[in-house]
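Chain naming here is simple, since letters A, B, ... match the order of the sequence lines and numbering starts at 1 in each. All figures in this text were calculated on a predicted structure; none of them were measured in a lab.
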Number of protein chains: 2
Amino acid sequence: MPDRGNASLRDVAELAGVSVGTVSHVLNHPERVSEALREKVTAAITELNFVRSGAARQLRQGHSNMVGLVVFDIGNPFYTDAARAIEDTLAASDLALVISSSDAEPHREARVLRTLIEQQVRGVIITPSEGTAALLPMLRERGIPVVLLDSPGDIEGYASVGVDDVAGGAMAVRHLLDRGHRLIAMITGPMSVRQARQRLRGARQAITEAGLDPEKILVPVETEAFTANAGEAAMSLLLERREVPTATFAANDVMMIGAMRSLRRQGVRIPAEMALVGYDDIMVASELITPLSSVHQPMAELGRTAAELLLDPDADERHVVFQPNLVVRASSR
Amino acid sequence: MPDRGNASLRDVAELAGVSVGTVSHVLNHPERVSEALREKVTAAITELNFVRSGAARQLRQGHSNMVGLVVFDIGNPFYTDAARAIEDTLAASDLALVISSSDAEPHREARVLRTLIEQQVRGVIITPSEGTAALLPMLRERGIPVVLLDSPGDIEGYASVGVDDVAGGAMAVRHLLDRGHRLIAMITGPMSVRQARQRLRGARQAITEAGLDPEKILVPVETEAFTANAGEAAMSLLLERREVPTATFAANDVMMIGAMRSLRRQGVRIPAEMALVGYDDIMVASELITPLSSVHQPMAELGRTAAELLLDPDADERHVVFQPNLVVRASSR
DNA sequence: GAGGATTGATGAATCGATTCAATCACGACT
DNA sequence: AGTCGTGATTGAATCGATTCATCAATCCTC
């Protein structure tokens, strides 16, 4: 057995009877090498099963061919959809994607970013948490481009992509207004979360724009978490009101699933007695007993754009905001 | 402003007034350096904001501090749960995780593995697809440890971790038998998929073990895909039978959600007229109108063990198989 | 046919951290 | 006082791909 698997560029050169410079040219600038030599070199490469050392390459070039993606939680389907799109876009430029999750822990986030700097990544795409702003200068100092994901202009001085949560909230409520509802509940989730606040703002805005009074039309119910149980409790509360709303908008589909449980138990018909619109358009939204209308976010486009911004040298501080779109299903029809 | 962010180990040495060797020792073998110098060096490191070059380090050491994880699809929640556990386990050994998805495309998988080899990763954890077996020798040749994920001994000669799908199928059906059901449908999914075959085998086995005849008890229905629509169609078919089963086991929760749609439309009561058990225990299983019993897989343990096997030098060809567990909810109670 | 231009190939210098053999400083012991 | 030993520090060699100045060869043009 030939001693395969550890060949260096020098070994290839020796076998092919050329200089190391030529082998390197075959790999990086094939057009500069005559066909005869090119063939000899490629033959030697296959023969030796040669794979070039990324370390040596990076050391010389000053940067690697990797881009870092740092998300809160890899488990979140939105981020994975975006990640997929990022990966595909980068692949076209021969860049590999390195995914890490920060869990929104500053300590962990710092460690992850440090590793990325050590690897001299070509750029970083990150969904910022509370502590992120303090860490970004580390990257900036080293000339590593940064794009903020799902964070429309949260932090000054960096390019960003995001989805317009105000518009999303507005389009959900506008749809319900259009269908004649005049007392609309909103299950907001925790108001400490930016997305919750902005979706609520959008909801109010839609009502104002229709020439109506948000105070009279909208019944917001804050919950402690974005869970199904929280949604169920919120809906139970709403059904006990003197004047029960005829429609409900939830800032998240999972809470709405809980709310639907409560409705089913009380025998409230959907959408006849209670129309529903959720947010996120999760995979099962269309698979529920009553398929759920929901605000869909273009995560793939978001990812693609984030990657494009990262690669664009003069995108320094551009902010791209995508518009969500409403998917209407039986729950509000 | 000091020119921060590009300092090399030599710059640190200069500022601290010591040799490069000493700085390196401070980083890697602090105990060999006197306290006085150690402090001077650490001061210089902070002053210059020094982060060592991973490339140079790797080049010299012959390997990086990264481990590659290659999955079918990052979007799949199972894999992300496992990924999280892998990441945590590796972090304890100061190893970073690089996640990539192969989409089960051999072409893409080959490219991903090539990148990992270039990076001289310390090991690779991979969920193998059809073409994987042919690619693994590339890693073996280079002495890169490999652990197969979710693939109990599929490929000879490599360590692996997996969940016992036969046992999973068996425990679902055993539960239904225990509750007195004697005509049980199984929505299998495509039989070309190993998981589908093994879960069916488990189902048969449970019936045999109970001293009954699988041919008389079990009604398998193959579908073309693991989707909700496929599940719905399968259930409609079952309901048209002369003798309608009193229980259904689906090889996947999403198909079961479709099946439940069909049942609801026909007014079949769950579990009184039809008991249900799914597989995967997806997040919404507990959030459905009728909470769904489902076979749960210990993905976190799977991930942790995969990482441990990877780091264990004498785990060369060990196979670890986990047992799934049945979560009983209202749909079969 | 000579000079100039073009194309192809070469190999030494380079990137930055690690490591080990060599040197140094200082105290202890004979 | 001199020698030995111990522990701390040094610095040069090393890993492997890239690049650029240099050299060689071939082709055009007048």
Results of side chain to side chain contact (heavy atoms under 4.5 Å, CB included) for B:Ala159 - residues two or more places apart only | B:Val147, B:Leu309
Quick one: list whatever passes side chain to side chain contact (heavy atoms under 4.5 Å, CB included) with A:Ser24, sequence neighbours left out.
-> A:Leu9, A:Asn28
CD of B:Glu14 versus C1' of D:dG11: gap in Å, rounded?
-> 14 Å
Separation of atom CG in B:Leu37 from atom P in D:dG7, rounded to whole Å = 17 Å
Can you pull the side chain to side chain donor-acceptor pair (under 3.5 Å) pairs that have at least one residue in residues 92-101 of chain B, sequence neighbours excluded?
-> A:Glu87-B:Ser101
Quick one: side chain to side chain donor-acceptor pair (under 3.5 Å) pairs with a partner in residues 116-128 of chain A, sequence neighbours left out?
-> A:His63-A:Arg122, A:Asn65-A:Arg122, A:Gln119-B:Gln58
List for me each residue that meets salt bridge (charged side-chain N to carboxylate O under 4.0 Å, His left out) alongside [X], sequence neighbours excluded, and say none if there are none.
X	result
B:Glu308	B:Arg304
A:Arg318	A:Asp312
B:Asp88	A:Arg108
A:Asp150	none

Sub-3.5 Å pairs of nitrogen or oxygen atoms, protein against nucleotides 26-28 of chain C:
none

Rounded to 10°, tell me the angle between the two end axes of the helix from C:dG1-D:dC30 to C:dT30-D:dA1, each built from five pairs.
-> 50°
Spell out protein contact along nucleotides 16-22 of chain D as letters: B when the base is contacted, S when just the sugar-phosphate is, - when no protein heavy atom is under 4.0 Å; keep the 5' to 3' order.
-> BBBBB--
Residues 38-45 of chain A, side-chain donor-acceptor partners within the protein, below 3.5 Å, at least two apart:
| from | atom 1 | to | atom 2 | distance (Å) |
| --- | --- | --- | --- | --- |
| A:Arg38 | NH1 | A:Pro30 | O | 3.3 |
| A:Thr42 | OG1 | A:Arg38 | O | 2.4 |
| A:Thr42 | OG1 | A:Glu39 | O | 3.2 |

With respect to the phosphate group of C:dT7, does any side-chain polar atom (N or O) of A:Ser34 fall under 4.0 Å of OP1 or OP2?
-> no
For a side chain to side chain contact (heavy atoms under 4.5 Å, CB included) with A:Val124, tell me which candidate from A:Leu139, A:Leu148, A:Val98 qualifies.
-> A:Leu139
